[in-house]
Participant: 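Input: one structure, supplied below.
In what follows, residues are counted from 1 in the order of the sequence shown.
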Amino acid sequence: MARILVVEDEPMVRNLVMTYLHMAGFEVIAAADGIEALRLAHSEQPDLVLMDMGLPKLNGWQTTHRLRSNPETAHLPIVALTAYALDEDRQRALNVGCNAFLAKPIDFAALSETIRSLINP
């Protein structure tokens, strides 16, 4: 069973995504900010990260950059899942190392397809 780290500061959105992923058969761990996400990425070794970009303490772009800069986490597939939906936001997320970009509101079919394509290429 694949383990997914959900990084989302909004509790309702975090719980919704976690519930969906559990129902889809994934093991889920969650972080409410970038600092916690970095800690969990190292200690829990997820198979994939869903990254909100508008996070407190350390935003999603900074967190993704740090994950990519560390040899222990550089390999992790990272999906930006964010309300920042402009083309510039998409490009910025891809430039810092996100493998994919999905805008909110969440299209759960697209989310499932993206996760499965990155975990089982």
Side-chain angles (χ1 to χ4, degrees):
M1 176 185 317
R3 179 182 292 183
I4 298 176
L5 171 58
V6 176
V7 187
E8 170 63 58
D9 63 322
E10 182 60 45
M12 284 180 43
V13 175
R14 186 173 56 245
N15 289 336
L16 177 68
V17 172
M18 290 176 64
T19 299
Y20 173 80
L21 293 173
H22 277 299
M23 291 174 54
F26 296 106
E27 183 180 339
V28 183
I29 50 179
D33 61 59
I35 302 293
E36 187 179 14
L38 292 173
R39 183 181 61 76
L40 288 173
H42 290 283
S43 66
E44 299 295 322
Q45 301 178 350
D47 297 300
L48 182 136
V49 179
L50 292 179
M51 181 74 68
D52 181 22
M53 303 316 271
L55 297 169
K57 298 184 183 176
L58 193 64
N59 69 39
W61 290 282
Q62 294 165 322
T63 304
T64 298
H65 178 74
R66 289 190 186 186
L67 289 170
R68 288 287 178 243
S69 298
N70 186 318
E72 293 178 20
T73 56
H75 69 284
L76 283 174
I78 301 172
V79 177
L81 185 61
T82 182
Y84 295 106
L86 299 176
D87 286 338
E88 302 87 55
D89 300 318
R90 175 187 305 270
Q91 194 56 52
R92 184 177 175 200
L94 297 173
N95 287 346
V96 297
C98 289
N99 299 84
F101 181 97
L102 297 171
K104 294 176 185 172
I106 302 164
D107 175 341
F108 285 102
L111 177 61
S112 289
E113 183 178 318
T114 301
I115 289 170
R116 292 190 195 290
S117 72
L118 290 170
I119 290 178
N120 304 310

Participant: Enumerate the residue pairs fulfilling salt bridge (charged side-chain N to carboxylate O under 4.0 Å, His left out) with a member in residues 82-91, sequence neighbours excluded, ordered by first and then second residue.
Facilitator: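 Listed by first then second residue: nothing to list.
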
Participant: Heavy-atom distance under 4.5 Å between the side chains of Leu102 and Val79, does that happen here?
Facilitator: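 SC-SC contact between Leu102 and Val79 confirmed.
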
Participant: For Pro56, give me all partners under side-chain contact (heavy atoms from CB on, under 4.5 Å), at least two apart in sequence or on another chain.
Facilitator: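 With neighbours one apart ignored, the set is Asp9, Asp33.
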
Participant: So do Glu44 and Leu5 actually touch side chain to side chain, heavy atoms under 4.5 Å?
Facilitator: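 When only atoms from C-beta onward are counted, Glu44 and Leu5 do not touch, as no gap falls below 4.5 Å.
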
Participant: Please give me the minimum heavy-atom distance between Ala30 and Leu40, naming the atom from each residue.
Facilitator: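 Ala30 and Leu40 have their closest heavy atoms at O-CD1, 3.2 Å.
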
Participant: Look only at the side chain of Gln62 and the backbone of Leu58, and say whether a donor-acceptor pair between them is shorter than 3.5 Å.
Facilitator: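 Checking the backbone N and O of Leu58 against the side chain of Gln62, no donor-acceptor pair under 3.5 Å is found.
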
Participant: Between Leu111 and Leu50, does the side-chain contact (heavy atoms from CB on, under 4.5 Å) criterion hold? Intermediate values first, please.
Facilitator: CA-CA 10 Å; Leu111 177 61; Leu50 292 179; 3.7 Å; yes

Participant: If a pair satisfies ring-ring contact (aromatic ring centres under 6.0 Å, His included) and one of its residues is in residues 88-111, list it, with sequence neighbours excluded.
Facilitator: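 Every pair satisfying ring-ring contact (aromatic ring centres under 6.0 Å, His included) with a residue in residues 88-111: Tyr20-Phe108.
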
Participant: Side chains of Val13 and Leu81: closer than 4.5 Å at any heavy-atom pair?
Facilitator: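 When only atoms from C-beta onward are counted, Leu81 and Val13 do not touch, as no gap falls below 4.5 Å.
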
Participant: Can you give me the closest heavy-atom contact between Ala32 and Arg14, atom names plus distance?
Facilitator: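 Between these two residues, the closest heavy atoms are CB-NH1, 3.5 Å.
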
Participant: Holding to salt bridge (charged side-chain N to carboxylate O under 4.0 Å, His left out), I want the full list of residues that pass it with Asp47, two or more places apart in sequence or in another chain.
Facilitator: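 Salt bridge (charged side-chain N to carboxylate O under 4.0 Å, His left out) list for Asp47, sorted by chain: empty.
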
Participant: Evaluate Thr73 against Val49 for side-chain contact (heavy atoms from CB on, under 4.5 Å), listing each step before the verdict.
Facilitator: CA-CA 10 Å; Thr73 56; Val49 179; over 6 Å; no

Participant: Tell me, please, which residues at least two apart from Lys104 pass salt bridge (charged side-chain N to carboxylate O under 4.0 Å, His left out).
Facilitator: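 Expected list: Glu8, Asp52.
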
Participant: Search all heavy atoms of Gly34 against all heavy atoms of Thr63 and return the closest pair with its distance.
Facilitator: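 Minimum heavy-atom contact is CA-OG1, 3.2 Å.
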
Participant: Listing request: all ring-ring contact (aromatic ring centres under 6.0 Å, His included) pairs with a residue in residues 31-65, at least two apart in sequence or in separate chains.
Facilitator: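 As it turns out, the ring-ring contact (aromatic ring centres under 6.0 Å, His included) pairs with a partner in residues 31-65, which skip direct neighbours, are Trp61-Tyr84.
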
Participant: State yes or no: do Ile119 and Ile106 share one hydrophobic cluster built from I, L, V, M, F, W and Y residues joined by side-chain heavy-atom distances below 4.5 Å, directly or via other members?
Facilitator: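 Ile119 and Ile106: one cluster.
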
Participant: Please list, chain by chain and in numerical order, all residues satisfying salt bridge (charged side-chain N to carboxylate O under 4.0 Å, His left out) with Arg68, sequence neighbours excluded.
Facilitator: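 Salt bridge (charged side-chain N to carboxylate O under 4.0 Å, His left out) list for Arg68, sorted by chain: empty.
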
Participant: Among all residues two or more places apart in sequence or in another chain, which pass the salt bridge (charged side-chain N to carboxylate O under 4.0 Å, His left out) test with Glu27?
Facilitator: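 Glu27 satisfies salt bridge (charged side-chain N to carboxylate O under 4.0 Å, His left out) with Arg3 only.
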
Participant: Run the side-chain contact (heavy atoms from CB on, under 4.5 Å) test against Asn15 and tell me which residues pass, sequence neighbours left out.
Facilitator: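 side-chain contact (heavy atoms from CB on, under 4.5 Å) check on Asn15 returns Met18.
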
Participant: Test of understanding: with side chain to side chain donor-acceptor pair (under 3.5 Å), list the residues that count as partners of Glu113, not counting sequence neighbours.
Facilitator: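 Expected list: none.
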
Participant: State, yes or no, whether a side-chain contact exists between Ile4 and Pro46 at a heavy-atom distance under 4.5 Å.
Facilitator: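 They are not in contact (no side-chain heavy atoms under 4.5 Å apart), so the answer is no.
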
